[in-house]
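First comes the structure, then the notes that go with it.
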Amino acid sequence: MVASASRGPFKADVVGSLLRPAKIHEARSKLAAGSATRDDVWKVETDSVDEAVGLQKEVGLQVCTDGEYHRRHWFVDFVERIDGVGFAGGLPTRFQTEAGFIEFSPPKVITTGKLRRTQSLAVDDFKDLKPLADKAGLMPKQPIPSPTLVHFRSGDPGVDKKAYPDITEYYHDLAQVYRDEIKALYDAGCRYIQIDETNFPFLCDPNMHDHVRSIGEDPIKLQVKYKNLINAVTKDRPADLTIAMHMCRGNHESAWAASGAYDFVAEVAFGELDIDAFFLEYDTERAGTFEPLKHMSKNKTAVLGLVTSKKPELESKDLLKRRIDEACKYVPLERLALSPQCGFASTIGGNKLTVDQEKAKLRLVVDTAREVWG
């Protein structure tokens, strides 16, 4: 039975990916070498998911994910299963660390035909997680990449004109793909979904605006297009389904891709997106102040990502409490919660810390939340 406070977001919550154990890397290497099948790898991943659920229960969380162990990359495995989606090489991206830069090229997504959902995008992953979460008494949460990912990397020029002479039909079909997947997740017992969104926070970085203009878009008008797309996805969802959004500025092997305060998107994102909660990166000054939270409308919850997943050093509990107090100037305490700033392994290699350090971070989130909210 799921814990009594069974509706997300939880006062102590988790974003998604966890560091993958060595046996997953070994199994995937065997698959690449032809000495293992995908079924062999899936079994190893499932065993690891069971351990990941145990880890999340051990640190005191009431919610869990599968650590994204069935994925090799936070969005690719999901997006590539959509009919009509293709990849056109990489999109060169300069990720940054305090020590310097990392060049990484995530796939450039294009649309080659009509967009349809004819297979599971994440439902199989959730069906694997749910019985393990139920056995542990935790609420299973399913992260999915935002639909804006399908458009942003190539824009309208990346959409096949024969399939979509009218771009409004493209947005309609893309939203329908996601609505179909969300319904399938709900039918499988999922009551807590997290949309992982990079493009709203990327728009907070003036350096990203050149890319936006290169795909024929305006940085302000694109926010409205993406707001309408996401609201079409979440429209008419069941009353007992929580849909949250994680806003991320990039997370690859402890590096980030963008910087910039939420001010540029706050009115549209926090005020107009039909989302129940926002998981917000607030682990460094790159995210700016809490002031944009004043645009958080209705009963939305702001989950403060004050504990970084990019560094091993453990934050001070007193500092976390002071920052929560600062956020209370703009959002009441009862509409705030706490989480890590991001997942620990958005890409398969993972961030630069150990599993013990990962556990310490998660335990800090739980312990701090207990002291703040009881």
Parallel, tilted or perpendicular, as decided by the 30° and 60° cut-offs, for the rings of F264 and H209 = tilted
Hey, what else clusters with L319 if you join Ile, Leu, Val, Met, Phe, Trp, Tyr whenever side-chain heavy atoms sit under 4.5 Å?
-> none
Between Y186 and I275, is there a shared hydrophobic cluster once you connect ILVMFWY residues whose side-chain heavy atoms come closer than 4.5 Å?
-> yes
So if you build clusters from Ile, Leu, Val, Met, Phe, Trp, Tyr with side-chain heavy-atom gaps below 4.5 Å, do W42 and V123 land together?
-> no
Does some side-chain heavy atom of L280 sit less than 4.5 Å from a side-chain heavy atom of L293?
-> yes
With a 4.0 Å cut-off, would you call K294 and E291 a salt bridge?
-> yes
Do D77 and R72 meet the salt-bridge criterion of a basic N to acidic O distance under 4.0 Å?
-> yes
Given the rule in the side-chain contact (heavy atoms from CB on, under 4.5 Å) test, do D66 and D128 qualify, once you have shown the distances and angles that lead to the verdict?
-> CA-CA 8 Å; D66 67 355; D128 203 42; over 6 Å; no
Atom pairs and distances, side-chain donor-acceptor, residues 299-308, under 3.5 Å, sequence neighbours left out:
residue: K300; atom: NZ; partner: F270; partner atom: O; Å: 2.9
residue: K300; atom: NZ; partner: L273; partner atom: O; Å: 2.7
residue: K300; atom: NZ; partner: S297; partner atom: OG; Å: 3.0
residue: T308; atom: OG1; partner: D283; partner atom: OD2; Å: 2.8
residue: T308; atom: OG1; partner: K310; partner atom: N; Å: 3.1
residue: T308; atom: OG1; partner: Q341; partner atom: OE1; Å: 3.3

Under 3.5 Å: donor-acceptor pair, side chain of E281, backbone of R249 = yes
Run the side-chain contact (heavy atoms from CB on, under 4.5 Å) check on Y178 and I195 step by step: do they pass?
-> CA-CA 11 Å; Y178 271 75; I195 296 174; over 6 Å; no
Is a side-chain donor or acceptor of K11 paired with a backbone partner of L336 at a separation under 3.5 angstrom?
-> yes
Under 3.5 Å donor-acceptor, D276 side chain and I243 backbone | yes
Look only at the side chain of S146 and the backbone of L149, and say whether a donor-acceptor pair between them is shorter than 3.5 Å.
-> no
Looking at residues at least two apart in the chain, or sitting in another chain, which of them share a side chain to side chain contact (heavy atoms under 4.5 Å, CB included) with N228?
-> V224
Is a side-chain N or O of E358 found less than 3.5 angstrom from the main chain of L18, in a donor-acceptor match?
-> no
Mind checking what makes side chain to side chain contact (heavy atoms under 4.5 Å, CB included) contact with Q176, not counting sequence neighbours?
-> R179, D180
With the side chain counted from C-beta on, respond yes when V177 and V150 share a heavy-atom pair under 4.5 Å apart, and no when they do not.
-> no
Could you tell me how the ring of H151 sits relative to the ring of Y170: parallel (under 30°), tilted (30 to 60°) or perpendicular (over 60°)?
-> tilted
Any ion pair linking R363 and D367 (charged N to carboxylate O, less than 4.0 Å)?
-> no
Heavy atoms, side chains only, cut-off 4.5 Å: are R191 and P140 in contact?
-> no
Between the side chain of K161 and the main-chain N/O of V159, is any donor-acceptor distance below 3.5 Å?
-> yes
Between K43 and D39, is the closest basic N to carboxylate O distance under 4.0 Å?
-> no
Can you tell me if R370 uses its side chain to pair, donor with acceptor, with the backbone of A12 under 3.5 Å?
-> no
Just jot down the side chain to side chain contact (heavy atoms under 4.5 Å, CB included) partners of P340, sequence neighbours excluded, or say none.
-> F344, L362, V365
For L31, the other hydrophobic cluster members (4.5 Å side-chain criterion, sorted by chain and number) are V41
Basic-acidic side-chain contact under 4.0 Å: E45, R28 | yes
Check: F126 ring centre within less than 6.0 Å of Y192 ring centre = no
Report the C-alpha distance between K135 and D50 in whole Å, list the side-chain angles of each, state the deciding distance to 0.1 Å, and finish with yes or no for side-chain contact (heavy atoms from CB on, under 4.5 Å).
-> CA-CA 10 Å; K135 183 176 68 174; D50 195 16; 4.0 Å; yes
Distance-minimising heavy-atom pair for Q223 and V265 | OE1-CA, 3.3 Å
Could I get the full list of salt bridge (Lys or Arg N to Asp or Glu O under 4.0 Å) partners for D318, not counting sequence neighbours?
-> none
Flag side-chain contact, heavy atom, 4.5 Å: P147 against I230 = yes
Pairs where residues 285-339 contributes a residue and the test ring-ring contact (aromatic ring centres under 6.0 Å, His included) is met, not counting sequence neighbours | Y282-F290
Do R81 and R117 have side-chain heavy atoms sitting under 4.5 Å apart?
-> no
With sequence neighbours left out, which residue pairs that include part of residues 13-32 fulfil the ring-ring contact (aromatic ring centres under 6.0 Å, His included) condition?
-> none
So, do F78 and I144 sit near enough that their side-chain heavy atoms are less than 4.5 Å apart?
-> yes
Are Y171 and I110 connected, step by step, through hydrophobic side chains (Ile, Leu, Val, Met, Phe, Trp, Tyr) whose heavy atoms are closer than 4.5 Å?
-> no
With sequence neighbours left out, write down each residue that passes side chain to side chain contact (heavy atoms under 4.5 Å, CB included) with D325, or none if nothing qualifies.
-> none
Among all residues two or more places apart in sequence or in another chain, which pass the salt bridge (Lys or Arg N to Asp or Glu O under 4.0 Å) test with K23?
-> E51
Partner set under salt bridge (Lys or Arg N to Asp or Glu O under 4.0 Å) for D274, not counting sequence neighbours | R237
Within the side chain of N231, is there an N or O that forms a donor-acceptor pair under 3.5 Å with the backbone of E272?
-> yes
